[in-house]
Structure formats: structure tokens, C-alpha cells
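Predicted model, so just to flag it, every value in this text is computed and none were measured.
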Amino acid sequence: MDLRVTEIFLSIQGESSHAGRPCAFVRLTGCPMRCVWCDSEYTFTGGENSSFDDIFAKLDEFGCNLVEVTGGEPLAQKNAFPFITELCDLNYEVLIETGGYVSTGEVDPRAAIILDVKCPASGEAERNHWPNLERMRADRDEVKFVIADMVDWEFAKVIIDKYELIDHTKEVLISPVHGIENLAGIAKAVAQSHLKVRLNLQLHKYIWGVEARGV
Ligand code: SF4
């Protein structure tokens, strides 16, 4: 079996509760969404077909036990599901970064889900697959709200409350769009909310810049 792959690289995890940990990334090609602020448009097309064995060989070279499968939208390729299972069989700690449009129902339960909820400013809020929020697990899964403005923040609070995400996830991540003017305002609003959430800044963009690939 194979997958369409944009890049495979070793770096540090830039986001989530795993931020700062060494992490190998498998970035799959393609996404059915078109978020206004997308920072991964280079994954929409191109890429190369790689066999599972070729990907495993590359990961073996890295010697890093934490692996994130990301995109694009990694779950848009049907072969992603058996690939994730084989990664788990190989005893990798597996993170799945998904945009929230595709059902996570068939993902191997040993993998941890980091699920985006698309907010209004993304232009894709109508396409959230809401049942994904009902299967989040408090011991491992994380939910991420990418916030462009205060309307998005208000939206996030409604969804956090409606799906009781503080209790049903490992972490609720509030992730301001990189480079927005009102970062301090959003940070202040998060602080004053007294919610058990985490402000999530993308470390890799501060270290290597926004245009860097494969780092
Ligand atoms: S889901 Fe992710 S990769 Fe797809 S358009 Fe949105 S931000 Fe970009």
C-alpha cells in the first residue's frame, strides 16, 4: 500500500501539549478544505507516492518514537487508516493532526487525535464533522481552535461549553492565527476566561519562520 506524501522530516513538535518534544512528521498531500488562513497550501497538490515500507524506513532512520501524521488533511486518504494502525503496531507514539472534516471514527484507538474545530473566520465552520467531538478521549485527545478574532473566541467558548470539552479532552488548545495584530488581546481574553485551556503558539514559526519547509 502507498500514500501520497508531501514531506517527511524530523523536528520538534511545535504545538499542543507535546510542544517542544522531538517529533517525526509525515505530511500527507491533499485537503478537501480551504481555510482562509491556511498555512499549508503547498500540500494541496503535488507530493510523491511512497510505500508504507519506504515511509517506515525513513522513520527508522530518524530514530524518534513520537510520530505525527499531518497534512493537508491526512484522513482524506483512505490508506491513512491502515498506515496509522501499522505505525501503532511498530510501537510508535502516534499523533494525528486532523482538520475536523473527516470522521475520526475509524482511526486506530491507540493513536491520539489532535482535532481542529474550524471557527467562523476560517470560512469552513459549516464543514466541521461534529460527531468527532463526541468521541474525544480525556486521556489522550486534544481539540484545537484556530482563532483569528474575538468572534472566533466567542464561538470557541460556545463549542467548549456545548460539548463539555474541558472534561472530555486531554487539552483544549486556543491557537491564534500566526501574525495577527490582536494576539495580546486574545491572550488577555483567554486569561480572563478562567477556562482550563492552553494558549497554543506555533513554536516552529518562531524558530524557523513561516516559510520554512521540512523543519
Ligand atoms: S484543514 Fe488544514 S490543510 Fe486544510 S485548508 Fe484548513 S488549515 Fe489548510
Side-chain angles (χ1 to χ4, degrees), residues 1-31 39-40 42-43 46-117 129 132-133 135-144 168-173 175 198 200-205 207-208 212-215:
M1 277 194 277
D2 60 7
L3 286 164
R4 193 82 184 165
V5 177
T6 295
E7 56 188 1
I8 303 173
F9 57 98
L10 177 66
S11 185
I12 54 100
Q13 176 58 255
E15 303 187 61
S16 79
S17 71
H18 303 277
R21 295 180 62 191
C23 185
F25 291 82
V26 180
R27 189 183 299 285
L28 303 186
T29 306
C31 182
D39 59 1
S40 308
Y42 62 97
T43 66
E48 289 184 0
N49 285 339
S50 296
S51 69
F52 285 13
D53 285 344
D54 285 347
I55 300 170
F56 294 144
K58 189 80 181 168
L59 293 174
D60 196 43
E61 275 175 35
F62 293 154
C64 180
N65 186 251
L66 181 66
V67 175
E68 177 171 297
V69 184
T70 185
E73 172 49 70
L75 302 182
Q77 296 188 44
K78 66 179 181 359
N79 282 354
F81 296 91
F83 176 70
I84 291 164
T85 292
E86 291 195 32
L87 276 178
C88 294
D89 289 345
L90 290 167
N91 289 323
Y92 284 108
E93 181 182 354
V94 182
L95 310 176
I96 311 300
E97 170 86 33
T98 173
Y101 172 67
V102 181
S103 171
T104 59
E106 301 303 317
V107 175
D108 191 294
R110 292 171 291 180
I113 303 291
I114 302 173
L115 176 81
D116 282 8
V117 174
H129 184 70
N132 282 339
L133 289 176
R135 64 174 77 90
M136 301 298 280
R137 298 158 300 172
D139 67 327
R140 69 188 65 198
D141 295 335
E142 307 187 24
V143 63
K144 180 171 78 175
H168 294 126
T169 63
K170 178 184 175 196
E171 202 79 53
V172 175
L173 306 163
S175 188
R198 182 189 295 260
N200 179 71
L201 303 180
Q202 297 168 299
L203 294 183
H204 47 287
K205 292 183 179 172
I207 299 170
W208 290 289
R213 301 279 173 267
V215 290

message: Can you tell whether the side chains of R213 and E7 come within less than 4.0 Å, N to carboxylate O?
response: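 Result for this pair is no, no salt bridge flagged.
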
Testing the basics here: between [X] and [Y], what is the closest heavy-atom pair and its distance to 0.1 Å?
| X | Y | answer |
| --- | --- | --- |
| C88 | A111 | SG-N, 4.0 Å |
| G100 | N132 | O-ND2, 3.7 Å |
| L28 | P74 | CD1-O, 3.6 Å |

[atom2] on [Y] to [atom1] on [X], rounded to 0.5 Å:
| X | Y | atom1 | atom2 | value |
| --- | --- | --- | --- | --- |
| N65 | E93 | CG | CD | 6.5 Å |
| W208 | L203 | CH2 | CG | 9.0 Å |
| F52 | L59 | CZ | CG | 12.0 Å |
| L115 | Y101 | CG | OH | 14.5 Å |
| D54 | E48 | CG | CD | 10.5 Å |
| F25 | C64 | CZ | SG | 9.0 Å |

May I ask you to test the [X]-[Y] pair for a side-chain heavy-atom distance under 4.5 Å?
| X | Y | result |
| --- | --- | --- |
| R110 | T85 | yes |
| I113 | T98 | yes |
| T70 | R27 | yes |
| T104 | I96 | no |
| R135 | P109 | no |
| H18 | E68 | no |
| I207 | I12 | yes |
| Q202 | D39 | yes |

task: Indicate yes or no for a side-chain donor-acceptor contact from Q13 to the backbone of C23 under 3.5 Å, with no hydrogens or angles considered.
output: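 No, because the side chain of Q13 does not come within donor-acceptor range (under 3.5 Å) of the backbone of C23.
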
- prompt: Hey, is the main chain of T6 close enough, under 3.5 Å, to the side chain of T29 for a donor-acceptor pair?
  reply: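 Yes.
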
message: Run the side-chain contact (heavy atoms from CB on, under 4.5 Å) test on L75 and I84 for me, step by step, so that the C-alpha distance in whole Å, both residues' side-chain angles and the decisive distance to 0.1 Å come before the verdict.
response: CA-CA 10 Å; L75 302 182; I84 291 164; 4.0 Å; yes

message: Quick check on K205: does its NZ atom have over 12 non-hydrogen neighbours (other residues, nucleotides or ligands) under 6.0 Å away?
response: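 Count over threshold, so yes.
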
task: Quickly, which of R198, K144, R140 forms a side-chain hydrogen bond (donor to acceptor under 3.5 Å, both in side chains) with E171? Name it, please.
output: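 Result for side-chain hydrogen bond (donor to acceptor under 3.5 Å, both in side chains) with E171: R198.
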
- request: Please say which of S17, S175, S16 ends up in a side-chain hydrogen bond (donor to acceptor under 3.5 Å, both in side chains) with N200.
  value: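 Result: among S17, S175, S16, S175 is the only option passing the side-chain hydrogen bond (donor to acceptor under 3.5 Å, both in side chains) with N200.
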
- request: Kindly write out the residues that satisfy side chain to side chain contact (heavy atoms under 4.5 Å, CB included) with D2, not counting sequence neighbours, or none if the list is empty.
  value: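 Applying side chain to side chain contact (heavy atoms under 4.5 Å, CB included) to D2 gives N49, N79.
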
query: Which residue pairs pass the ring-ring contact (aromatic ring centres under 6.0 Å, His included) test with at least one member in residues 56-82, sequence neighbours excluded?
result: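 Sorted pair list: F56-F83.
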
